[in-house]
Amino acid sequence: MVEEYKNILVAVDGSEQAYDALREAVGTAKLNHSHLKILYVLNDKLANIPVHLDTMTLYKSVQEHSDYVVEQVQEYLKGTEVDFEIVRLTGSPKREIINYANENNIDLVVIGSTGLDAIDRFIIGSTTQYIVNHASCNVMVIK
């Protein structure tokens, strides 16, 4: 059993469950005097979806969503007195979360039970399931 978490990672995607996970991660970080890393992964799979939008329109829409989520997170964290860092990556969310956790000595990953990626969940399983099965640290799943 871990006595104290020093580095907590919470993955956010703009879903309600991700915001619930953020709230839980903040509370856990306060209790443990931890450094909190908030990770938003821009899903590169969206660039490969055959749609009739031009690529720049799709990219702009995805980027605007990313900016909006990060703004919401920053607004929530104002005044919490939690030491935090927001990180944005591009790639497969499930793989990027695992890689980031491994490369940054994360003690605990906090993630919502479901997110916005319904296509991925339907085709190859949920991001949450992947994180639980592949993380080398503890994972807290928030319903």
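Everything numeric in this text was worked out from a predicted model, so none of it was measured.
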Side-chain ([X]) to main-chain ([Y]) donor-acceptor, under 3.5 angstrom:
{"X": "Asn104", "Y": "Ile106", "result": "no"}
{"X": "Ser34", "Y": "Tyr5", "result": "yes"}
{"X": "Asp107", "Y": "Asn7", "result": "yes"}

Would you check if [X] and [Y] make a side-chain contact, meaning some heavy-atom pair closer than 4.5 Å?
{"X": "Pro93", "Y": "Asp13", "answer": "no"}
{"X": "Val73", "Y": "Ile86", "answer": "yes"}
{"X": "Glu85", "Y": "Leu36", "answer": "no"}
{"X": "Ile8", "Y": "His35", "answer": "no"}
{"X": "Met140", "Y": "Glu24", "answer": "yes"}

Which heavy atom of [X] sits nearest to which heavy atom of [Y], and what is that distance?
{"X": "Cys137", "Y": "Val109", "answer": "SG-CG2, 3.7 Å"}
{"X": "Ala21", "Y": "Gly112", "answer": "CB-N, 3.7 Å"}
{"X": "Lys143", "Y": "Ser113", "answer": "CA-OG, 3.8 Å"}
{"X": "Ile97", "Y": "Ala11", "answer": "CD1-CB, 3.6 Å"}
{"X": "Val12", "Y": "Tyr40", "answer": "O-CD1, 3.3 Å"}
{"X": "Ile98", "Y": "His134", "answer": "CD1-C, 3.7 Å"}

Within 45° of the ring axis of Tyr130 and under 6.0 Å from its six-membered ring centre, is that where the NZ or CZ of Arg95 lies? yes
Residues Ile142, Ile111; criterion side-chain contact (heavy atoms from CB on, under 4.5 Å); working and verdict: CA-CA 6 Å; Ile142 307 303; Ile111 191 165; over 6 Å; no
Count I, L, V, M, F, W, Y as connected when their side-chain heavy atoms are under 4.5 Å apart, and connections chain through other members. Are [X] and [Y] then in the same cluster?
{"X": "Val141", "Y": "Tyr19", "answer": "no"}
{"X": "Phe84", "Y": "Leu9", "answer": "no"}
{"X": "Val132", "Y": "Val110", "answer": "no"}

Scan Val70, Val41, Leu42 and name whichever one has a side-chain contact (heavy atoms from CB on, under 4.5 Å) with Arg88. Val70
Between the side chains of [Y] and [X], is the shortest nitrogen-to-carboxylate-oxygen separation below 4.0 Å, so that they form an ion pair?
{"X": "Lys37", "Y": "Asp83", "answer": "no"}
{"X": "Glu16", "Y": "Arg23", "answer": "yes"}
{"X": "Lys6", "Y": "Glu4", "answer": "yes"}

Where do Leu39 and Leu89 land on the side-chain contact (heavy atoms from CB on, under 4.5 Å) test, with the steps shown first? CA-CA 8 Å; Leu39 180 61; Leu89 299 174; 3.7 Å; yes
From Leu77 atom CG to Thr80 atom OG1, the distance as rounded to the nearest 0.5 Å: 5.0 Å
Working to the nearest 0.5 Å, report the span between CD of Glu81 and NE2 of His33. 11.5 Å
Determine, step by step, whether Leu22 and Ile38 satisfy the side-chain contact (heavy atoms from CB on, under 4.5 Å) criterion, reporting the C-alpha distance in whole Å, the side-chain angles of both residues, the deciding distance to 0.1 Å, and the verdict. CA-CA 8 Å; Leu22 176 63; Ile38 299 101; 4.1 Å; yes
Just checking Tyr68: does its OH atom have more than 12 heavy atoms from other residues, nucleotides or ligands closer to it than 6.0 angstrom? no
